[in-house]
Amino acid sequence: MKCTIQVKHEQYLNIDGSKVKIARVEKDWTISKLAKVSGVTRKTIGEIERGNKKRIRPSTIQQIALTLDKQVEYFCTKVEKRDNSNHKWIAE
């Protein structure tokens, strides 16, 4: 008998918020317009742009990147994963 378990790995991306703002302004969009089109809240986008939100779920930045016609990597500074064995964040 084979026994398998699914292990959840939390992954977050460190994002350069100024690049989000630049890409948004290049489209001549407000934060409200980006929020409406991407489905990401105004609060989250504002926190990202101000640099107050450093670790962002990949799905969130993927929504923003897709909406702004950019690759996710354009916004990334580095990728981190949580090592649950010692409860620390490690860079990849």
message: Measuring only between side-chain heavy atoms, which start at C-beta, is Leu68 closer than 4.5 Å to Tyr74?
response: no

query: To the nearest 0.5 Å, how far apart are CD1 in Ile61 and CD in Glu73?
result: 10.5 Å

field: Neighbour count above 12 (heavy atom, 6.0 Å) for Lys21 NZ
entry: no

message: Could you measure the distance from the CD1 atom of Ile45 to the NZ atom of Lys33? Nearest 0.5 Å is fine.
response: 12.5 Å

message: Tell me if the CD atom of Glu47 is crowded by more than 12 foreign heavy atoms within 6.0 Å.
response: yes

task: Supply the atom-to-atom distance Gln63 CD to Ser59 OG, rounded to the nearest 0.5 angstrom.
output: 6.0 Å

message: Could you check whether any side-chain heavy atom of Lys27 comes within less than 4.5 Å of a side-chain heavy atom of Asp69, counting everything from C-beta outward?
response: yes

- request: Kindly confirm or rule out a cation-pi arrangement of Lys70 over Phe75, judged by NZ or CZ under 6.0 Å from the six-membered ring centre and within 45° of its axis?
  value: no

statement: Of all heavy-atom pairs linking Ala65 and Gln71, the shortest is CB-C, 4.1 Å

query: Is it true that Ile22 and Val72 fall in one hydrophobic cluster, defined by side-chain heavy atoms closer than 4.5 Å?
result: yes

- request: Apply the test side chain to side chain contact (heavy atoms under 4.5 Å, CB included) to residues Arg24 and Glu49: give CA-CA distance (whole Å), side-chain angles for both, the deciding distance (0.1 Å), then the verdict.
  value: CA-CA 10 Å; Arg24 176 179 60 77; Glu49 288 188 1; 2.6 Å; yes

task: Would you give the length of the straight line joining atom CD1 of Ile15 to atom CD1 of Ile48, rounded to the nearest 0.5 angstrom?
output: 7.0 Å

